[in-house]
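When a ligand or atom number is given, it counts from 1 through the structure's own listing order. Every value quoted in this text rests on a predicted model; they were computed, and no experiment measured them.
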Amino acid sequence: MLTFFSDSHHAHAPQYEFFRGERVPCFETPARAEYVKARLSERGHVLQTPDADSRVVLAKVHSARYLAFLEHAWRDWVQLEAGNEARQPFPSVWPVRTLRSDVEPLNFTARLGLYSMDNGSPLSAGTWYAAKAGADAAASAAALLTAGERAVFCCSRPPGHHAGPDFMGGYCFLNNAAVAAQALRDGGAARVAVLDVDYHHGNGTQSIFYDRADVLFVSLHGDPMTEYPFYLGHADETGMGEGAGFNLNLPLPAGCTAARWFEALEAACLRIAAFKAHALVVSLGLDTFAGDPISKFALQPDDFIRLGERLGKLGLSTVFVLEGGYAAAELGTNAVNVIEGFEGC
Ligand code: Q9C
Ligand code: ZN
């Protein structure tokens, strides 16, 4: 399968995050994309450098003030104090209910909190550069589909599906799946489906398209009653306004079997088929793998082949965008299994 990969992902390399109250090394590492790239090459898949500029599409899925903040966040952080070059910024205050989010404060940490859903999305010097390259890959993939290609895989990081219209979260900064879907719409696809199979609910993607009937969002994920992102992803979220009926959440209990996961996948695929989508975007999180260090589903490597086969049977032009998956050494095999299942179906 044609694949987009850019070395720019290395520019996003924060050193630590918070986990159970402790500072720990980041789970979302540059090694992840390198393992996937290595396995893709080993299996003879063609790697290309993204050639599209996603800026116009990004402005349709994210707010102008969020994009401006993110692009200049590291510069602003370092300008506060020279020593900040070697420190990671984290938010510590958020505009929750009754507080104002319409006014952008001048204070850097206050702005970081305004544009963050959690303290789990560390920035580094090249975060914008890396995230922009991932969005460019998504736009490039959409352009190839518009030109007639059946399927393209974006091997990019950081991931994107937790990033909403105007916030980062869950290691995500720019919503690559939303960029792909919007670019497909702009390329003439009247109806685009986004299927999110990451362990975590794709809250950002859901929010971006929640009031739209032209982009169907379907997600299977750990039940937000116990799993991140906690505050979105319930079954009763079905869309609003024109988008009513065009959002489908299939939350599953943490610890459930692969058999139960595949039942939900079948329901997801039936909804996508009924929508009569012209193109499909798959938010391909691989943190459903049994060996994932932060997630609680039980998929085995062969189950990823089965996932690819089922997606291939939908018969749609498809962009795959890499999302989560933190068992880094197994990520290449699991990603390529999906791709090869898709191609071999
Ligand atoms: N810092 C994706 O899979 N964080 N994001 C847990 C606390 C939430 C996962 C650790 C997990 C986010 C794209
Ligand atoms: Zn995830």
Filtering F27, F18, Y228 for the heavy atom nearest atom 1 (N) of ligand 1 leaves F18
Quick check with a 6.0 Å cut-off and a 45 degree axis cone: is R111 positioned over the face of F69's six-membered ring?
no
**Prompt:** Any side-chain donor paired with an acceptor under 3.5 Å for E323 and H162?
**Reply:** no
Quiz item: Under 30°, 30 to 60°, or over 60°: which ring-plane class applies to Y66 and H62, parallel, tilted or perpendicular?
Solution: tilted
Under 4.0 Å from one or more heavy atoms of D287, ligand 1 contributes atoms 3 (O)
for atom 10 (C) of ligand 1, nearest protein heavy atom and its distance come out as E17 OE2, 3.5 Å
Checking heavy atoms under 4.0 Å, the part of D198 that sits near ligand 1 is side chain
Checklist entry - Is the distance from the Zn ion (ligand 2) to some N, O or S atom of E323 under 2.8 Å? => result no
### Task
Flag the pair F167 / N203 as yes when at least one side-chain heavy-atom distance between them is below 4.5 Å, and no otherwise.
yes
* Asked: Taking distance alone, with no angle check, do G170 and ligand 1 share an N/O pair under 3.5 Å?
  -> yes
Answer key: the N, O or S atom of D198 nearest to the Zn ion (ligand 2) is OD1
Nearest non-hydrogen protein atom to atom 3 (O) of ligand 1, with distance, is Y326 OH, 2.6 Å
Examine the side chains of D236 and H234 and answer whether a donor and an acceptor come within less than 3.5 Å of each other.
no
In this structure, the Zn ion (ligand 2) sits at the vertex of an angle between OD2 of D287 and ND1 of H200 that rounds to 10° as 100°
Q. Quick one: does NZ or CZ of R306 land under 6.0 Å from the six-membered ring centre of F262, within 45 degrees of the ring axis?
A. yes
Do you see a donor-acceptor pair shorter than 3.5 Å between the side chains of T205 and N175?
yes
Per-atom filter on ligand 1: closer than 4.0 angstrom to a heavy atom of H161 are 13 (C)
